[in-house]
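By convention in this document, chain letters (A, B, ...) are assigned in the order of the sequence lines, proteins followed by strands, and residues within each chain are numbered from 1. Remember, predicted model here, so these are calculated numbers, not experimental data. Only heavy atoms go into these numbers, but all of them, side chains included; no hydrogens, no water, no symmetry mates.
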Amino acid sequence: MDKAYLHTQYEEEISKLWEKFDAFNPDRVRVYKTNHSPALPVTDKTFTIVMPPPNANDPLHIGHAMFVALEDAMIRFHRMLGDDTLWAPGTDHAGIETQFVFEKKLKKNNQSRFQFDRETLYKMIWDYVQENSGIAQNQMKKMGASADWSRFTFMLDPKVVEIVLETFVELYQKELIYRDYRLVNYCTKCGTAFSELEVKHIEQTDPLYYIKYGPFTIATVRPETKFRDTALAVNPEDPRYKEWLGKTLEIPGLLGPITMTVIADEEVDPEFGTGIMKVTPAHDPHDFELGKRYNLPVTPIITLDGRMDFNWFFEKAEKEEIDPKYLERAHKYHGKKVAEARKLMVEDLKEDGLLVKTDEKYLHTIGTCYRCGTTIEPLPLPQFFVKVQPLTEKVLHALKDGDVKVIGAGHDKILKHWLENLKDWNISRQIVWGIRIPVWYSVKENPDLEIHFTDNGQRVSGKIGELLKTYSFEQISQTLQELRPPMNARYTVALQSPGDEYLQETDTFDTWFSSAQWPYTCLQSHSEKDFERFYPTQVMETGYDILPFWVMRMLMMGLFKTQKVPFETVYLHGLVRDQKGQKMSKSKGNVINPLTVIEQYGADALRMALVIRSTPGLDKSVGDPDFRAMRNLTNKIWNAARYIKEGLSRVESDVQEEKGLINQSKNNEEFLDKLRTLTTQVTQQITDYKLGLAAETLHNEFWHWFCDECIEQTKKGELSPEVLSRGLVTFLKLFHPFMPYVTEAVWQQLRQEPLPWLSITDDAECMILSSWPTQSSVTL
RNA sequence: GCUCGAUUAGCUCAGUUGGUUAGAGCGCACGAUUCACAUUCGUGAGGUCUCAGGUUCGAGUCCUGAAUCGAGCACCA
């Protein structure tokens, strides 16, 4: 054996060995274990983990290494126990993330998504993702992930898509899907709506403008929306405004007077600002609700690209006399971005003497897009929603009954909080890269359907009824970019087009709508038998940062679709931070690339450094010293084995006669006792999902007890070689889930030739297929 | 504002149902070493376990309160 363990020399070879034995495939493992003589233990339990699918087009980062290290440890442990063990791998299409990356690429080539019809664009992204699809898989293999790659699933595999569509139809039939016109969280930069979860609230200082509003003064941070105010609201108890209640007024403004009624609503806080507020149902969620209660019209002034739209005013100008000054202003504002228009308006307000005062340091919270940071614009849009309450109810019951257990520093309470306060889930996304919503609009029944399509690369927009006079239905449907069906559009929910001249909805599902179904789609996509055999799964292991996005929704959908919780235990790991405990980020330059660590220190060192002393739900700091220390551990394991294989015989002959070996039998007994205790302890720790603790226990006992004390004892003849070797084998097996490569490499070394004090030829050819140590197996 | 988590050695963190002198890695000091491993070994320094109460024969661990840091949610024009 080499003097030191050289990971670069063994890792690839060992991976090939595991592949040769097909050791990740539960079917083959069963056969191997039963046929082996003597037969290796096989239980009647299953153990399944469905892998959190990484984005198919992304290289892996340290967070992925964390999940590989933890999940693979659990998987290898259960495989060794003899359970029917499956780790089902896959990747995600990652809708918005991927499309965004792809659009950036287009931009570099001076192209834009609007040059392509949706089908072409989809194909282009598909090809792009396919190009990169092997990367994630290969990187996970390098980490030693013993997932069954023959059962690999991609989120957009036809079978998966089919199931996702069926689920939508089923939800619809059970009246858990509805289409509604309401304010949605829209990111004008990403060009799509989001659910409440994707909105990140941040504190920000903005000017609060006090504007003269006829006889009143109102305070607002958004003067740009005031043109479309539909009412004024006051608290019914406020004595200042009692006389105005129910009165309709002409309020002078930048574009002439607006007619408004003063309404009373309990929710208006008399203490805030001036105690009177303007109501803009089209651009404020609170006002939208208020507007609903009082039947106010929804009159948008901001477009989906975040620009001011004064077309309504120009239309009005055609019908009635408008002061040219106002018309000029409207033209000035029209088409401007919101922030820019606001500046112009404030200037004009000053000019008209309508600006009473400005509070420049007004601190408030605004919603921003979680991915690009753009301020979220609440815009009225018809979208498909999932009625969540009947679904969350079931999850809360399951949690209460203990059907599913969440492990991770109080995150179970956060989950409960989410479930109790969840709003209906907007699942419509205005992007191409995803699963298209199976909703169909008849062209004949909906002549007002607003559509965009391409004609020789040029974007054409308009109402379908009109456009059909110039273009054929075929041409439109083939080069369709998007539909904007009005709220009253008639639609059919169906897997296939219900007839001729139907256009399918162009919105796609929220990525999480398909991810939420991953535990069953992933298993069903290969065979119904797999689903019966491995579902429900045992563990869902993932980062706490996607608890509401993913875990919560998997529970909701799993219970809806299968009447079972999709997994019994949720294990949440924390963020991986750098050595100083700081978040990793490209801008800080403290990002650790797992592949670099593997090259330098080996996959085992990387895995062990991440797992040792990690605690579910809490963040973990790692750095070079940790990787180095764990690399040293791999070497320590290697050298302990080298001593047993090559050093013991020399020691034997030297010491045997003179020392008399009086204490040997007593020491041997004590050694085996402790080894048994340790085996039980580590087994229990892993079973209890205390993997960080198990790894630490192993490290300490191996290094400071087994190596520092026991190996030294054998040199003095105080411990027998047979007993020590048994100790090594036991440690190797206990270590294997955490450090698969070095333990397997040593195992192969020990199997090469029989040693007089160690017989393992009865055991499996690979450590990965060997059996987990038990009380009774730790003996001579 | 509501909810949750954290606070233990110079740094990063463990501490397994409450039980002897509280641990690891890294760092530090001194020493050893052809005998598995310098990716090593030995010895040592370094902790009023955030603070204040309480329960208990016994508290880092359980309870109450406070402080600081962090997270999630809600924040009103």
Student: Provide the distance between the two C1' atoms, one in B:A29 and one in B:G46, to the nearest whole Å.
Tutor: 11 Å

Student: Using both distances under 3.5 Å as the test, list the Watson-Crick or G-U wobble partner of B:U61, or none.
Tutor: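 In the structure as shown, B:U61 has no Watson-Crick or wobble partner.
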
Student: Taking only the C1' atom of each, what is the distance from B:G15 to B:C41 in whole angstrom?
Tutor: 27 Å

Student: Polar-atom pairs under 3.5 Å, protein N or O versus N or O of nucleotides 5-13 of chain B: list them with distances, or write none.
Tutor:
unit_1	atom_1	unit_2	atom_2	d
B:G5	OP1	A:Lys413	NZ	3.3
B:U12	O3'	A:Ser621	OG	3.0
B:C13	OP1	A:Ser621	OG	3.0

Student: For atom P, what is the distance between B:U12 and B:U50, given to the nearest Å?
Tutor: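 Each nucleotide's P atom is 15 Å from the other's.
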
Student: Looking at every strand, decide which applies to A:Leu693 at a 4.0 Å heavy-atom threshold: base, sugar-phosphate, or nothing.
Tutor: base

Student: Does a salt bridge link A:Arg293 with A:Glu266, judged by any charged N lying under 4.0 Å from a carboxylate O?
Tutor: no

Student: Quick check on RNA chain B: between A:His417 and A:Thr274, whose nearest nucleotide comes earlier from the 5' end?
Tutor: A:His417

Student: Angle between ring planes, A:Tyr370 versus A:Phe549, binned at 30° and 60°: parallel, tilted or perpendicular?
Tutor: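 Rings of A:Tyr370 and A:Phe549: tilted, 30 to 60°.
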
Student: Strictly below 4.0 Å, N to O, side chains only: are A:Lys242 and A:Asp238 in salt-bridge contact?
Tutor: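 Result for this pair is no, no salt bridge flagged.
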
Student: Does B:G25 have a Watson-Crick or wobble mate here (both distances under 3.5 Å), and if so which one?
Tutor: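 Paired with B:G25, as far as the under-3.5 Å criterion goes, is B:C11.
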
Student: Should the pair A:Trp512 and A:Trp550 be assigned to parallel (<30°), tilted (30 to 60°) or perpendicular (>60°) ring geometry?
Tutor: tilted

Student: Please say whether the positively charged group of A:Lys715, taken as NZ for Lys or CZ for Arg, lies over the ring of A:Tyr643, i.e. under 6.0 angstrom from the six-membered ring centre and within 45 degrees of the axis.
Tutor: yes

Student: Applying side-chain contact (heavy atoms from CB on, under 4.5 Å), run through A:Met260 and A:Tyr213 and close with a yes or a no.
Tutor: CA-CA 11 Å; A:Met260 269 185 286; A:Tyr213 239 57; 3.5 Å; yes

Student: Enumerate the protein-to-nucleotides 64-67 of chain B contacts in which both atoms are nitrogen or oxygen and the separation is below 3.5 Å.
Tutor:
none

Student: Would you check if the side chain of A:Asp578 reaches a backbone N or O of A:Met584 as a donor-acceptor pair within less than 3.5 Å?
Tutor: no

Student: I'd like a list of close polar pairs between nucleotides 17-21 of chain B and the protein, N/O only, cut-off under 3.5 Å.
Tutor:
none

Student: Is the ring pair A:Phe735/A:Phe702 parallel, tilted or perpendicular, if the boundaries are 30 and 60 degrees?
Tutor: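 Correct class here is perpendicular.
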
Student: Taking a pair as Watson-Crick or G-U wobble with both distances under 3.5 Å, which nucleotide is matched to B:U3?
Tutor: B:A71

Student: Is A:Arg628 close enough to B:C26 that one of its side-chain N or O atoms is under 4.0 Å from OP1 or OP2 there?
Tutor: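 Checking B:C26 against A:Arg628, no side-chain N or O comes under 4.0 Å of OP1 or OP2.
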
Student: Return no unless some side-chain N or O of A:Asn632 is found under 4.0 Å from OP1 or OP2 of B:C37.
Tutor: no

Student: In whole Å, what separates the P atom of B:U61 from that of B:U8?
Tutor: 14 Å

Student: Mind checking the P distance from B:C35 to B:U16? Whole angstroms is fine.
Tutor: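 Looking at atom P only, B:C35 and B:U16 are 41 Å apart.
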
Student: Using atom C1' in both nucleotides, what's the gap between B:A9 and B:G60 to the nearest angstrom?
Tutor: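 One C1' to the other, the span is 14 Å.
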
Student: Using purine N1 to pyrimidine N3 plus N6-O4 or O6-N4 for Watson-Crick, or N1-O2 and O6-N3 for G-U wobble, each under 3.5 Å, what pairs with B:C41?
Tutor: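 Base partner found: B:G31.
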
Student: Looking at A:Trp703, I'd like to know whether one of its side-chain N or O atoms comes within less than 4.0 Å of OP1 or OP2 on B:A24.
Tutor: no

Student: For the residue pair A:Tyr5 and A:Trp638, does the interplanar ring angle fall in the parallel (under 30°), tilted (30 to 60°) or perpendicular (over 60°) class?
Tutor: tilted

Student: Could one point to a donor on the side chain of A:Arg631 or the base of B:U39 with an acceptor on the other under 3.5 Å away?
Tutor: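 Yes, a donor-acceptor pair under 3.5 Å.
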
Student: Check the phosphate of B:C76 against A:His364, side-chain N and O only, distance under 4.0 Å to OP1 or OP2. Yes or no?
Tutor: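 For B:C76, neither OP1 nor OP2 has a side-chain N or O of A:His364 closer than 4.0 Å.
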
Student: Mark yes or no: A:Lys733 above the aromatic ring of A:Trp772, with NZ or CZ under 6.0 Å from the six-membered ring centre and no more than 45 degrees from the axis.
Tutor: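 Because its charged atom misses either the 6.0 Å distance or the 45° angle limit, A:Lys733 does not stack over A:Trp772.
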
Student: Quick one: do A:Asp229 and A:Lys226 make a salt bridge, cutoff under 4.0 Å?
Tutor: no

